Number of protein chains: 2
Amino acid sequence: MDVRRLDLLRELAERGSVTAVAEATGRTPSAVSQQLKVLEREAGAPLTERSGRGIVLTSAGHALARSAADVAIALARADAVWDEFRNDPSGEVTLLTFPTIGATMLPAVLTELQQVPGLVVRATDFDPELAEFAELTADYDIVLAHTMPGVLPWGGRGLRVVPLLTEPLDIGLPATHRLAGRSHLTASDLVEETWLGVPPGFPFERILHAIEQQGGRRVEIAQRFSDMRIVEAFIQAGFGVAFVPRYTSGTLPPELVLKPLRGVPSARQIVALVRPDVAERLAVRTVLDVLVAKAAELGAGGAGAGA
Amino acid sequence: MDVRRLDLLRELAERGSVTAVAEATGRTPSAVSQQLKVLEREAGAPLTERSGRGIVLTSAGHALARSAADVAIALARADAVWDEFRNDPSGEVTLLTFPTIGATMLPAVLTELQQVPGLVVRATDFDPELAEFAELTADYDIVLAHTMPGVLPWGGRGLRVVPLLTEPLDIGLPATHRLAGRSHLTASDLVEETWLGVPPGFPFERILHAIEQQGGRRVEIAQRFSDMRIVEAFIQAGFGVAFVPRYTSGTLPPELVLKPLRGVPSARQIVALVRPDVAERLAVRTVLDVLVAKAAELGAGGAGAGA
DNA sequence: ACATCCATGTAGCGATGCTACATCGTCAGT
DNA sequence: ACTGACGATGTAGCATCGCTACATGGATGT
């Protein structure tokens, strides 16, 4: 049982196609196919079977891939122990962030991490509507994701979920709005309003449904945006009200005020998603530690300012 | 960090010399040396240093070797899971036994294991005086060892110790002996006797010391043998009394009787020693299971006959 | 001082794993 | 149904890697 081949099988289990594995590992599909064939011969049982144009793992293949993941973890742990021994987190950590938190927290995080010699963080942002967070852990070491509390759709995938922040979602209003003087708002205040929503399927939607249910009528959603900058601009321009995350919106212009929502739980959970094997790496753990610390600062400081 | 190289380092940690690793893995010392050099380059720190003619691991080397052992375990576990999945314990299990238990238990064990298709057990016996039990786990999958209860000198080595049997050590007497009618014996009965001992350093010696201490005088040791057959013959011939393991002596001739010793704890612990990574293999675990079961039978049946 | 033992260099060879290219089966669009 | 695209898999050839054989050098003990 060669480890490199087992690792290929693990990748196949995650990515689902020979071609995808080949791209991810920088090889030709032919090479991957050959190696899988050899592994199959070594294992003594078919690991894949054809399904349409592609292939799927057999149950045997899944079983072996699971073990392969454990081996990958042990190997990564060996690396981590070694890094710790040398006290030198080595290598590059790739990080994927959604825009709001990327703008708010990441600069401070990366600044702090510059202190660590030999550690290179390569961060990218992405459109959260585009793809599933979990899929992306195959390509990035750390994926910053957000979801509603209680809903953790990626727990079953065997991913490590590191909670960073529970961020209240306040209601953003123009400073001139009739409700702008209130200390807080309720569902009945808000069902009358025109809303700026998110594209269908986004987690924020659930809260809006809760407001509708509690307020007794449907709200009007005038526009749908995923980018917070646009939403803020539209709030200011008087096109409606919207959920605005309390901490990760940066400095808001004075024309825009945030009011907490009462009676309806409105918060989003911000977490870091990591594959268990990459979570073993010291470099990755170092980045995670700083992320957690900065998120805590943000939560404490932001809560103080918000209260 | 290549796994094959890590494994070589693990072997080096166990065997202590490049030449020994080369022999054990069927390579030339040059090949081993080269691979270790590459690993050292990859690791970025010296792993070995010269010590006289040979080499020793640096502390860094030890740290990495430890992780390498964990990787070996994960890899072996993958094999085991796979074997279990196919429900087919594959491969060969090598077993090293000391003579007494080899004669008593092993035939039944191997008979039972013949039922298992595809499992080959290769057993060898050895002179227990020759070498340290623990060292031998590098060359054999399972090493049957015996020691006094409470004394487990191989616990610290990271070996898995599977207890098989706590075997009382009775006193063997000629049937014509003045004490042969007793139901049991005490230390004061025995300090007067001429003894057949074991070579110096053998575990049985401790019990004899306890008898001397409790009986108030030193006993006379006429001969020293390690082989039980010889001891039994000498007992019958009237040359003295000796410790005889209760269960593992096979069928004794009627000229020889066994009497339990009271007042002095006299038993030996029979255990199986296994390296943790090989302990993961299903084939090895299968053999261990049968060993434990047969030892339990022997203990139950032998205790019934002895009481 | 000499023979011995152990680790380690060097040259060369063979196995292994890759790429490039070809082939075959499946699916979607017209 | 035909066709083009896609995905997996064969085949030939090439580069790299790990091995052996042999030589070297330092440490040991007689």
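On a predicted model such as this, the values are computed, not experimentally measured, just so you know. In what follows, every chain begins at residue 1, and chains take the letters A, B, ... in the order their sequences are listed.
- At a threshold of 4.0 Å, the pair B:R4-B:D7 does not count as salt-bridged, since none of the basic side-chain nitrogens sits closer than that to a carboxylate oxygen.
- Put simply, CG on B:L36 is 13 Å from C1' on D:dG18, counting in whole angstrom units.
- Taking atom CD of A:Q34 as the reference point, atom C1' of D:dA12 lies 11 Å away to the nearest angstrom.
- The distance from atom CZ of A:R50 to atom P of D:dC6 is 16 Å, rounded to the nearest whole Å.
- Closest-nucleotide positions on DNA chain C for A:R5 and A:R53 were compared, and the one nearer the 5' end corresponds to A:R5.
- Boundaries of the chain B contact region on DNA chain C are C:dT4 to C:dT10, first to last in 5' to 3' order (nucleotide atom under 4.0 Å from a heavy atom).
- Listed candidates were D:dC19, D:dT9, D:dG25. Nearest to the side chain of B:Q35 is D:dC19.
- Across all strands, A:S30 comes closer than 4.0 Å to base atoms (heavy-atom distances).
- Listed for the A:R50 side chain is no donor-acceptor partner under 3.5 Å among the backbone atoms of A:I55.
- Inspection of the B:R268 and B:T100 side chains reveals an N or O donor paired with an N or O acceptor under 3.5 Å.
- The separation between B:R4 atom CZ and D:dC17 atom P is 13 Å, rounded to whole Å.
- Pairing each heavy atom of A:T137 with each of A:R275, the nearest pair is O-NH1, 3.4 Å.
- D:dT28 atom C1' lies 17 Å from atom CD1 of B:I55, rounded to whole Å.
- No salt bridge links B:D141 with B:R122; every basic N to acidic carboxylate O contact stays at or beyond 4.0 Å.
- Using a 4.0 Å heavy-atom criterion, one finds that A:G16 contacts no nucleic acid atom at all.
- Annotation: A:R229, atom CZ; neighbour count of heavy atoms from other residues, nucleotides and ligands within 6.0 Å does not exceed 12.
- Look at CG on A:L12: it is 14 Å from C1' on D:dT9, rounded to the nearest Å.
- The phosphate of D:dA8 (OP1 or OP2) has no side-chain N or O of A:S33 nearer than 4.0 angstrom.
- Between the NZ atom of B:K37 and the P atom of D:dC19 there is a distance of 16 Å, rounded to whole Å.
- Distance, B:L39 CG to D:dC17 C1': 15 Å, rounded to whole Å.
- Between A:R15 and A:E23 there is no salt bridge, since no side-chain N of the basic residue sits under 4.0 Å from a carboxylate O of the acidic one.
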